[in-house]
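A short write-up of the structure that comes next.
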Amino acid sequence: MIQYVHMFSEGDRDQKDLLGGKGANLAEMVKLGLPVPPGFTITTEACRAYLTEGRVPPQVRVEVTQRLRNVEDLIGRTLGDYEEPLLLSVRSGAKFSMPGMMETVLNVGLNDDTVHALASFAGDERFAWDSYRRLIQMFGKTVLDIDADKFSSVLDAHKESAGVTADVDLTADDLKQVVAEFKQIVERETGHPFPQTPRRQVDMAIEAVFRSWNTERAQLYRRRERIADDLGTAVNVQAMVFGNLGETSGTGVCFTRDPSSGHIGEYGDYLPNAQGEDVVAGIRNTLSLADLKQRDAGAYRELRAAMRSLETHYRDLCDIEFTIERGRLWMLQTRVGKRTAGAAFRIATQLVDEQLITMDEALERVTGEQLSQLLFPQFDRSADRTLLATGMGASPGAAVGAVAFDNASAEAAAASGKSVILVRRETSPEDLPGMVAAAGILTARGGKTSHAAVVARGMGKCAVVGAEDLVVDVAAKQIRVGEHVVHEGDTLAIDGKTGEVYLGDVRVVDSPVMTYVSEGLEAAEAHADGDDETKQLIRAVDRVLTHADKRRRLRVRANADTGTDARRARDRGAEGIGLCRTEHQFLGERRQQIERVVLADTDEQREAALAELLPAQIEDFVDLLTAMDGLPATIRLIDPPLHEFLPDLTDLTVEVALAEAKGETGPEVDRTRALRDAVRAIHEQNPMLGLRGVRLGLKIPGLFALQIRAIAEAVVRLRAEGKDPRPEIMVPLVGSNRELVIVRRQAEGIIAEISRTNDQELEIPIGCMIELPRAALTANRIAQTAEFFSFGTNDLTQTTWGFSRDDVETAFFPQYMQNGVLTISPFETLDALGVGELVRIGVEKGRETRPDLKIGVCGEHGGDPESIHFFHRVGLDYVSCSPFRVPVARLEAGRAVVLKEGVGTS
Ligand code: ADP
Ligand code: MG
Ligand code: MG
């Protein structure tokens, strides 16, 4: 029989799927012997059953009763008891922490009777009524869905009439009155009195957690983070401990290392006489852990010991929530803490130096996504700029954009293509859509653990929080800072690393990590010029990236069309060119010659027109192959349909019509007319599926011949200079082996001829793109002729799905994401199930024929982390991506190896 409910003492951290992240880590802390209030976890499996059956399985109620009794026995108090009542917290906890899930309800079990018992038992009447009002408030908001403002305005009114500003200054009598009014709110809003039966409170809260899995906010977050919709959430039910039992009690959060720099040490906030989220909600000023040490050395020492033991155990930065009840420490949550991209690299190498993890594990702990964040440009330090305010740098990056104060205007501005800075006093989960739309987030309140900071770090978005000088007036849509007033739509620039906020536009420059990947360690260190933090970051990235290079099996090439691109790619570690598009060689001034090729009446005329293109093409290839000297460079023969190089049909038609209307004649008009007819003749309904690639090469044989000749001549020229050019000729859009046979025969003829005239042995490999399903399915035949394959996964995605990227991405992808047909664009991450299957088949069949067939991929997927892991698994030899992504691909290719080998346990 399935067990739906587990005591904390039964689980461990490896059971995140079943117990959720929070539950699994609570269980792990129990295993470690840390002081955790006893409790149990209702599994994600129970949630899944609830979601399919539409009700909580009856067996869950039975098991809850059993585990509840176990908890009661452990503590020696019972739920609803008139003398010593047990109180509980009910907490959601999915596998991945997720905004939008039901917030924790504390003090479950209090009612009109037990509140008195709690008062006399704790010897503190004020505390008991404070706890009761919190229960009704939280339960009302999260379980009964009552507008939270209804409760807080009552609380505010009482504070005002009592003449106090903080909630802690309300007396027991004030709070009794608050409770009475809260109960009225519940009755008014739901038509039922506040539930008085403790067990009913528990059951209602559990069901509400299950229900919250499908709130709009949770769904939005899951789509964004690509978390599966059918995981479900677990529920943790736990005995309460009290941070609001006076001045010797309190609640706090802390990190075992600085999550933004990686510095070893303790970072945390503590709030005396407080409960739950008070500490992060910014209701009162928090204290530091050093202050806690002053107030309560014993509890502090215990906390230090717990932090150390968690770091030793998890071998990573831990994020901790704790409560101190009358001098006694209780651990309420831990998890491996979120961190900035820079901190990820630094913490990983610091842990290696402390011999807590291996280099392989360090590689596991950073991602290509994080590396790409470090490559983002930053503000130019020497630029002229007006500093408006300084807050806390909570998530790095530089963002310049128009100010928006709410979701609607942020989304509208983003939709119209504007970069947006979302400005709030502080953020809450309601602000998620605006945060998604924004390029950067700026708040006036809150610290490194505030909602804005945590969520922005998770999204990899630049954020500045707690810029206290900003007076944010959301209603009036303006920010006041001293004499400055900033209105909606005005431009601000925020630096998520330094926390600086500038008025207007600020110039951005290369990041130090970008300088490192393009100019090397020494140059980057020199550039960092005494900035120790930056140096440490660069060194950390260098160590991890170097290790990735050592471990990876996949080679990394770049897509580069010109010598300049090729040099840039090579600087960043590219080991060749995987795709050189030759289309640009037919544009600009050379367009005229292409026109003449198209308009030629005879073969001789055409040959002559093509011959004119040859010298310039040789120069192009010389430039490219010089930049890639000694490394392979795959050159793709011309791919797009010819009309892309010719004037627009409508323009030509209009031009001719106008000339005819005016009665103009002469050679110029004749030429335009002939061009119009030629363009009309090659006009296509679906150019993407029309006369392009190898089809064009076969239809106008001189075109490919010209390119092949230019490549071979460039090789001869460079060899004469003592260089080592290594071009590879790639034929696009092949669907049948026969097509390739024809091109190959032609190419071999040309190469042989040039070999002969120059008395040189020229060996230029000839291969093809695999970008049509038919090519993948007949790869065994194509491999008879092709010496290498390169998967063109863009076209392969288009032809497999039967849609064209330009048409569909804006037309219906957003909708498809919404209904979950797609979780991410298949043009961003390879659709492993469909397109990936064709890749797998292509690799397998190709190597059946030619076991040593060299296979790569070109196209954007070559730089996408998840896709790279897939390409590693199916056995490709290399990926090719844009020069910017080369370092990311190197890192992920290394990660693909260590993750596959399953080294480490994190
Ligand atoms: P979140 O997922 O938002 O971190 P938690 O479930 O951790 O929510 O609960 C929020 C806060 O509620 C905790 O940090 C802690 O302060 C408080 N809390 C939760 N359970 C208990 C408990 N058993 N006793 C006292 N406080 C608790
Ligand atoms: Mg919370
Ligand atoms: Mg928590």
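In listed order, ligands and their atoms are each counted from 1. The figures that follow rest on heavy atoms only: side chains count, while hydrogens, waters and symmetry mates do not.
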Are the charged groups of Glu430 and Arg217 less than 4.0 angstrom apart, N to O?
-> yes
Does the N or O separation between Gln275 and ligand 1 drop below 3.5 Å for any pair?
-> no
Tell me, please, whether Tyr270 has Arg295 positioned over its six-membered ring: NZ or CZ under 6.0 Å from the ring centre and within 45 degrees of its axis?
-> no
Any ion pair linking Asp203 and Arg61 (charged N to carboxylate O, less than 4.0 Å)?
-> yes
Under 3.5 Å: N/O of Ala239 near N/O of ligand 1 = yes
Answer yes or no for Lys22: is there a heavy-atom contact with ligand 1 below 4.0 Å?
-> yes
Atoms in ligand 1 flagged as close to Thr251, the criterion being non-hydrogen separation under 4.0 Å | 16 (O)
Looking only at N/O atoms, are Val241 and ligand 1 under 3.5 Å apart anywhere?
-> yes
Using a 4.0 Å heavy-atom cut-off, say whether Pro37 meets ligand 1 through its side chain, its backbone, both or neither.
-> neither
Are any non-hydrogen side-chain atoms of Lys31 and Arg13 less than 4.5 angstrom apart?
-> no
Can you find a heavy atom in the side chain of Met7 that is under 4.5 Å from one in the side chain of Leu74?
-> yes
Reference residue Asn244; test side-chain hydrogen bond (donor to acceptor under 3.5 Å, both in side chains); the match among Asn107, Asp130, Asp124 | Asp130
Proximity winner for atom 15 (C) of ligand 1, if only heavy atoms of Val90, Asn107, Leu332, Asp319 are counted | Leu332
Between Arg133 and Asp174, is the closest basic N to carboxylate O distance under 4.0 Å?
-> no
Considering only N, O or S atoms of Glu321, the one closest to the Mg ion (ligand 3) | OE1
Where's the contact between Leu106 and ligand 1, heavy-atom distance under 4.0 Å: side chain, backbone, both or neither?
-> side chain
Decide, counting backbone as well as side-chain atoms, whether Thr104 has an N, O or S atom less than 2.8 Å from the Mg ion (ligand 3).
-> no
Have a look at Arg335, Glu277, Arg91, Gln333 and point out the one with the heavy atom closest to atom 11 (C) of ligand 1.
-> Glu277
Are any of the N/O atoms in Ser92 less than 3.5 Å from those in ligand 1?
-> no
When you check the gap from the basic side-chain N to the acidic O, do Asp145 and Arg211 get nearer than 4.0 Å?
-> no
